[in-house]
Amino acid sequence: MKTSCITVLLLATVIFHLKAQIIPIETRNFNLVMSVGKNLKLYQSYLGNKLLNSIKELPQGKHEAYIPSGTDNLFEPAIRITHADGNPSLELLYVSVTSKKQDDNVTTTIIHLKDSKYPVEVNLNFTAYYNEDIIKSCTEIKHAEKKAVVVSNYASSMLHFDAEKYWLTQFYGDWAEEMRMEESKLTHGIKILDSKLGTRADMYQTPAFFLSLDNPSTENKGELIAGTLGWTGNFQLAFEIDEQNSLRVISGINPFASAYQLEPGKTFITPEFIFTYSNHGKGQASRNFHHWATNYGIMDGKKDRLTLLNNWEATQFNFDEAKLSGIFGEANKLGVDLFLLDDGWFANKYPRNNDRAGLGDWEENTKKLPNGIGHLVKDAESKSVKFGIWLEPEMVNPKSRLYEKHPDWILKLPNREEHYYRNQLVLDLINPAVQDFVYNIVDEMLTKNPGIAYIKWDCNRMMTNTYSPYLKEKQSHVYIDYVRSFYSIMERLRKKYPHLPIMLCSGGGGRTDYGALKYFTEFWPSDNTDPVERVFIEWGYSYFFPSFAISSHVTSWGKQSLKFRTDVAMMGKLGYDIEVSKMTEKDLAFSQQAVKEYKRLKNIIWHGDEYRLVSPHEEPRAVVMFVDSIKSKAVLFSYNLNTRFGQTINAVRLEGLDPDKNYKVKEINLYPETSSRIVRSEQSFTGEVLMNKGLNVSSNMALTSAVIEIIAQ
Ligand code: GLA
């Protein structure tokens, strides 16, 4: 009986394989379709708006789906391998396809390819998230040659397009000026967005883009792909237009200085490239990402987040137990959930009183904290505030005991002068002893002080003079193995501490990618907390990340009113980094009320559909709204950044509401003793009016803001 079942199964598989000429990968609103040619090569037949009935009629497609190097390819390849015998070519032929439904929403399709002459296998994996309209793709490479092969290109994804024109929206920046946005028409040849920073992905270039077909897309119009690579290190996104005006988009780890020796029997798995298709502009693409991030992409995406008071901007390195104790009381007064102790609490031989010393020596500084962290946790708890702590476990200052004890644990060239950035060096995470060290820093902190409820994990430099003492002659593995080691530490930590909230930070926004966000609950988008700058920076991040992941703090950076600073912070994950004791009575009353309002509205802001209504890149103001899934409640944020003399400010058409519902519109979060200049109290309108005629949401005074609540009656 058993044997016959297996025989039937095998037969079914063979028949399926013989028939599998068309391979559809589908979500609710789009498909990616592959086909197998008579020559057994795999082709991309289609990528676009959902085809309901005619998939079978699609022609084969002219682009080989995942183009190898060394045979007949004339442009940028997806994969390049040098075999053990020195042969630098690959010809990938279709073997089979398997498709597995993980549940009603998620299906993984694996297309198995094999070289025609060598025992090299390449599996293209596509996981489709039906409701979210997201496809995640990655590649597995393995072989059974006698010795190692060298893999020097290893794309996570290759996609092909045939449009008349292509428009690329990219994001770039630097410390404190993250996520600047730029759109340009692609020209013939190759355009590369990449990073060679090693420890970070983001910072100078962001591993995310929009590619609009034929015309630039707007928020609501245009056909486009939005994509991002989930990899916390060197990435490369390449866009190449060939002589026939076809575009190939190749996304993956940056092959720069990273030829990888792959041993027989081992599998090289690329990071995931996550993308969506929209024929309704960028807004829809962002909402797809937000839904996917909530349900799958970000650690505990559906769980609560803590509001907090951080002490970095308020105290920098200058604090002691008494000062902190006072701040716990202030956090409690403010009404936030948690106090976050930032940099400066550790190291004794070389005390961490500035950023030049102490990094690596993770014991409490006994002068500042004679009773240790445990005492602080209890003290905070006695004031009904949870306690969180800053760590930067991957780094070391040369002025530290760690540096003196373990010079061989540091990434640096043996025969050149050390090169510092923020006076520090990167640890050689590839060394298993260093992985244990990093794991133990966190584990010991949490076991010794079980009340710790939050971690801010920082990473304040990139790699330079890069050399791993542990890797010895395999230096071309360093960039890849560093990131894999970082993930393996996080895997271990997440096994033991599955739900501890951890903020991902990297000198501001150096690390913001879905590779790391599997392990982190939120990220620090920028050290620049000037609210006008933050409107732009968070606008940029909102294209790919949901608001609950974008930590957004009220600080004293920027000269705007407290109301303006608070309204900006409220469109993300709200926190404070400010001297509460110096607030006036009115400021405090306003802030206490704001925290309460935020807690009341957070679920709409975090999980509602986000509509970017007025772009600060197009007008001197920004308007964003969030609508809950049943269109019964919405919150709108409006920021006037500057008003020119005589400028008129138009009403804004709202989006995402139910045209047939009647909505009450009310300005909230007003500063004490002020009333709304925009909305008369108790006004109500139909969704149809709000979405067609619009609503006045901005005063004409520069640097004013409004939060408007919209409730169906
Ligand atoms: C980085 C972070 C800041 C702060 C400092 C502490 O710059 O981005 O938020 O934690 O480190 O040194």
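Quick note: numbers below take in every heavy atom, side chains included, and nothing from hydrogens, waters or symmetry partners. Ligands are counted one by one from 1 in listed order, and the atoms in each one are counted from 1 as well. Just so you know, these numbers come straight off a predicted model, no measurement behind them.
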Visitor: What part of Met503 sits under 4.0 Å from ligand 1 if we count only heavy atoms: the side chain, the backbone, both or neither?
Guide: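 The answer is neither.
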Visitor: Can Arg511 be said to sit on top of Phe486's aromatic six-ring, NZ or CZ under 6.0 Å from centre and within 45° of the ring axis?
Guide: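 Geometry flag: set, cation within 6.0 Å and 45°.
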Visitor: Could you identify the single nearest non-hydrogen protein atom to atom 9 (O) of ligand 1 and state the distance to 0.1 Å?
Guide: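 That would be Lys456 NZ, 2.7 Å.
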Visitor: Would you mind checking if Glu183 and Lys282 are paired as a salt bridge, meaning a charged N to carboxylate O distance below 4.0 Å?
Guide: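 Between Glu183 and Lys282 there is a salt bridge, with a charged N closer than 4.0 Å to a carboxylate O.
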Visitor: For Ser325, enumerate each residue passing the side-chain hydrogen bond (donor to acceptor under 3.5 Å, both in side chains) test, keeping only those at least two apart in sequence or located in another chain.
Guide: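 Only Asp379, Lys383 meet the side-chain hydrogen bond (donor to acceptor under 3.5 Å, both in side chains) criterion with Ser325.
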Visitor: Taking the six-membered ring of Trp175 (Phe, Tyr or Trp), confirm whether the NZ or CZ of Arg461 is under 6.0 Å from its centre and within 45° of its axis.
Guide: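 Not satisfied by the 6.0 Å and 45° rule.
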Visitor: Heavy atoms only: which of Asn528, Asp458, Thr529 lies closest to atom 1 (C) of ligand 1?
Guide: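 Looking at heavy atoms only, the winner is Asp458.
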Visitor: May I ask you to check if ligand 1 and Cys505 share an N or O to N or O distance below 3.5 Å?
Guide: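 Min N/O separation from ligand 1 is not below 3.5 Å for Cys505.
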Visitor: Could you tell me whether a side-chain N or O of Ser258 sits under 3.5 Å from a main-chain N or O of Phe256, the two making a donor and an acceptor?
Guide: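 It does hold such a pair.
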Visitor: Considering only heavy atoms of Asp343, which atoms of ligand 1 have at least one such atom less than 4.0 Å away?
Guide: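 Close to Asp343: 6 (C), 12 (O).
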Visitor: Does the pair Asp587 and Arg565 meet the rule for a salt bridge (charged side-chain N to carboxylate O under 4.0 Å, His left out), with working shown?
Guide: CA-CA 12 Å; Asp587 277 356; Arg565 286 178 276 151; 5.9 Å; no
Visitor: Return yes if a side-chain donor-acceptor contact under 3.5 Å exists between Ser468 and Asp428, otherwise no.
Guide: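 Their side chains do contain a donor-acceptor pair, which is all the 3.5 Å distance test asks for.
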Visitor: At under 4.0 Å between heavy atoms, which part of Glu392 makes contact with ligand 1: side chain, backbone, both or neither?
Guide: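 It is neither; nothing of Glu392 touches ligand 1.
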Visitor: Please determine if Trp390 has a nitrogen or oxygen closer than 3.5 Å to a nitrogen or oxygen of ligand 1.
Guide: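 By distance alone, the answer is yes.
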Visitor: A cation-pi test, strictly: NZ or CZ of Arg621 under 6.0 Å from the centre of the six-membered ring of Tyr639 and no more than 45 degrees from its axis. Yes or no?
Guide: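 So Arg621 doesn't make the cation-pi contact.
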Visitor: Report yes or no: does Arg200 contribute a side-chain atom to a donor-acceptor pair with the main-chain N or O of Cys459 at less than 3.5 Å?
Guide: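 Checked: pair present.
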Visitor: Could you tell me, atom by atom, which parts of ligand 1 come under 4.0 Å of a heavy atom of Asn460?
Guide: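 Every atom of ligand 1 under 4.0 Å from some heavy atom of Asn460: 1 (C), 7 (O), 11 (O).
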Visitor: May I ask you to list the atoms of ligand 1 that are less than 4.0 angstrom from any heavy atom of Asp527?
Guide: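 So the atoms of ligand 1 that pass are 1 (C), 2 (C), 3 (C), 7 (O), 8 (O), 9 (O).
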Visitor: Using a 3.5 Å cut-off on N or O atoms only, is Arg352 in polar contact with ligand 1?
Guide: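 No; the residue has no nitrogen or oxygen that sits under 3.5 Å from a nitrogen or oxygen of the ligand.
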Visitor: In terms of atom number and element, which parts of ligand 1 are under 4.0 angstrom from non-hydrogen atoms of Gly508?
Guide: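 Atoms satisfying the 4.0 Å criterion: 8 (O).
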Visitor: Enumerate the atoms of ligand 1 whose separation from the nearest heavy atom of Trp524 is less than 4.0 angstrom.
Guide: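 Once the distances to Trp524 are compared, the set is 8 (O), 9 (O).
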Visitor: Got an N/O contact under 3.5 Å between Trp175 and ligand 1?
Guide: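 N/O-N/O distance below 3.5 Å does not exist for this pair.
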Visitor: Need the ligand 1 atom indices (1-based, order shown) with element for anything under 4.0 Å from a heavy-atom of Asp342.
Guide: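 Under 4.0 Å from Asp342, ligand 1 has these atoms: 4 (C), 6 (C), 10 (O).
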